[in-house]
Amino acid sequence: MSDTQELDPTLEAAKVAPRVKAEILSEALPFIRKFHGRTIVIKYGGNAMTDPALQQDFAEDVVLLKLVGLNPVVVHGGGPQIDEALAKIGKKGTFIQGMRVTDDETMEVVEWVLGGEVQGDIVGLINHAGGKAVGLTGRDGGMIRARKLLLPDRDDPTKLHDIGSVGEITAIDPAVVKALQDDQFIPVIAPIGFGEDNETYNINADVVAGKLAEVLKAEKLVLLTNIKGVLDKNGELLTKLTAKRIDELFADGTISGGMMPKISSALDAAKAGVHAVHIIDGRVPHCLLLEILTEKGVGTMIRSY
């Protein structure tokens, strides 16, 4: 983090001349006009969820986007909080190809943490910043139907990994989300689905955000991460990607581990008609506004064309 980012942001803002502030607002106007009334699905996770200053920045960004006429929908993760809760009961989280292995005991913790503690904090932050947020899980309004996920092995696709109560989406009914948007609320969604026999499934939050963006015909899908964006093997940021280039990065191992479900869901959303998918650095203050309402991006963009 740079020296300027460590200073009191209130003092820094006070030093900005009124003319410069006006120019900044003027720069945002074309983007506000272009995206007015459009849906923006935001996957919220990483450092932005655990750093108090970044939490406040995120909440303010979401509220501002709503106030200027965009329709933000937040899908949140909670990996660090789940790990912390598991540690308290003497369990350690395990992962296969970036997906959390979820036994029955872990599922209870996941449901409590995501649908309770984490979601309550996010809703509270947005409401405190002047918005009207409502927390949902995939059970609410019958939104996210799922079935058990059997994960194909990366090296041998004929081998399937059983990772417990982890689900893959079979259908999304966005009616409850649309109803909330129409009433000027900001939906905040925990990635928990339900099956045919009313069983509960933990679903990767990036996947939920991607599928929801598809169903809502979102203008943008924005995924907050703990890194600059998608990096090449030399650690350099790739600012723009195509489907062909992403396939190459998968093949040569550049994209691996926890980034795999994130990039896969981003690519699927772009192919399904979401105009642009942004994988951005959630450690940058006000990263949402920088990415959506200015020319200065802070990550990687995958376009649908």
Does any part of the side chain of [Y], heavy atoms only, come nearer than 4.5 Å to the side chain of [X], both counted from C-beta?
{"X": "E60", "Y": "D57", "answer": "yes"}
{"X": "L180", "Y": "L136", "answer": "yes"}
{"X": "K148", "Y": "V166", "answer": "no"}
{"X": "M49", "Y": "V118", "answer": "yes"}
{"X": "V177", "Y": "V73", "answer": "yes"}
{"X": "I263", "Y": "I279", "answer": "yes"}
{"X": "K34", "Y": "L29", "answer": "no"}
{"X": "F58", "Y": "V74", "answer": "yes"}

Enter the distance from [X]:[atom1] to [Y]:[atom2] here, rounded to the nearest 0.5 Å.
{"X": "L224", "Y": "Y44", "atom1": "CG", "atom2": "OH", "result": "8.0 Å"}
{"X": "I203", "Y": "T102", "atom1": "CD1", "atom2": "OG1", "result": "11.0 Å"}
{"X": "H275", "Y": "E219", "atom1": "NE2", "atom2": "CD", "result": "5.5 Å"}
{"X": "H286", "Y": "Q56", "atom1": "NE2", "atom2": "CD", "result": "8.0 Å"}
{"X": "H128", "Y": "D121", "atom1": "NE2", "atom2": "CG", "result": "13.0 Å"}

Worksheet item: So I192 and I144, side-chain contact (heavy atoms from CB on, under 4.5 Å) or not? Walk me through it.
Response: CA-CA 8 Å; I192 295 169; I144 304 175; over 6 Å; no
Item to complete: Give the C-alpha distance, both sets of side-chain angles, the deciding distance and a yes or no for side-chain hydrogen bond (donor to acceptor under 3.5 Å, both in side chains) between K220 and H278.
Response: CA-CA 7 Å; K220 292 179 180 291; H278 304 258; 3.0 Å; yes
Worksheet item: Stepwise, does the side-chain contact (heavy atoms from CB on, under 4.5 Å) test hold for V222 with I292?
Response: CA-CA 9 Å; V222 183; I292 297 172; 4.2 Å; yes
I'd like to know whether [atom1] of [X] has more than 12 heavy-atom contacts from other residues, nucleotides or ligands below 6.0 angstrom.
{"X": "D104", "atom1": "CG", "result": "no"}
{"X": "E168", "atom1": "CD", "result": "yes"}
{"X": "K66", "atom1": "NZ", "result": "yes"}

NZ/NE/NH1/NH2 to OD/OE distance under 4.0 Å, [X] and [Y]:
{"X": "D206", "Y": "K43", "answer": "yes"}
{"X": "R147", "Y": "D197", "answer": "no"}
{"X": "E105", "Y": "K91", "answer": "yes"}
{"X": "K132", "Y": "D183", "answer": "no"}

Discussion item. If hydrophobic clusters are built from ILVMFWY residues whose side chains come within less than 4.5 Å, do V68 and L290 share one?
Written reply: yes
Worksheet item: Is M301 linked to L288 within one hydrophobic cluster, defined over Ile, Leu, Val, Met, Phe, Trp and Tyr using a side-chain heavy-atom separation of less than 4.5 Å?
Response: no
Discussion item. For a salt bridge (charged side-chain N to carboxylate O under 4.0 Å, His left out) check, start with the C-alpha distance between D83 and R100, then their side-chain angles and the critical distance, and finish with the verdict.
Written reply: CA-CA 10 Å; D83 287 337; R100 182 184 295 276; 2.9 Å; yes
Practice prompt. Answer yes if the side chains of T106 and D103 hold a donor-acceptor pair under 3.5 Å, and no otherwise.
Written response: yes
Item to complete: Please determine, by modelled atom types, if T200 and R139 share a side-chain donor-acceptor pair under 3.5 angstrom.
Response: yes
Worksheet item: Pick from T300, L238, L237, L249: which one makes a side chain to side chain contact (heavy atoms under 4.5 Å, CB included) with L231?
Response: L237
Worksheet item: Picking from V208, V215, I189, what satisfies side chain to side chain contact (heavy atoms under 4.5 Å, CB included) with M143?
Response: I189
Ignoring hydrogens, what is the shortest heavy-atom contact between [X] and [Y]? Give both atom names and the distance.
{"X": "Q81", "Y": "V113", "value": "CB-CG1, 3.7 Å"}
{"X": "P152", "Y": "P157", "value": "CB-O, 4.1 Å"}
{"X": "I42", "Y": "V62", "value": "CD1-CG2, 4.3 Å"}
{"X": "V63", "Y": "G131", "value": "CG2-N, 3.5 Å"}
{"X": "L223", "Y": "A209", "value": "CD2-CB, 4.4 Å"}
{"X": "A266", "Y": "I302", "value": "CB-CD1, 3.9 Å"}

Item to complete: Start with the C-alpha distance between Q181 and T39, add both sets of side-chain angles, then the distance that settles side-chain contact (heavy atoms from CB on, under 4.5 Å), and finish with yes or no.
Response: CA-CA 9 Å; Q181 286 182 320; T39 294; 3.5 Å; yes
Item to complete: Let me see the working for T225 and R283 under side-chain hydrogen bond (donor to acceptor under 3.5 Å, both in side chains), right down to the final yes or no.
Response: CA-CA 8 Å; T225 68; R283 300 167 299 178; over 6 Å; no
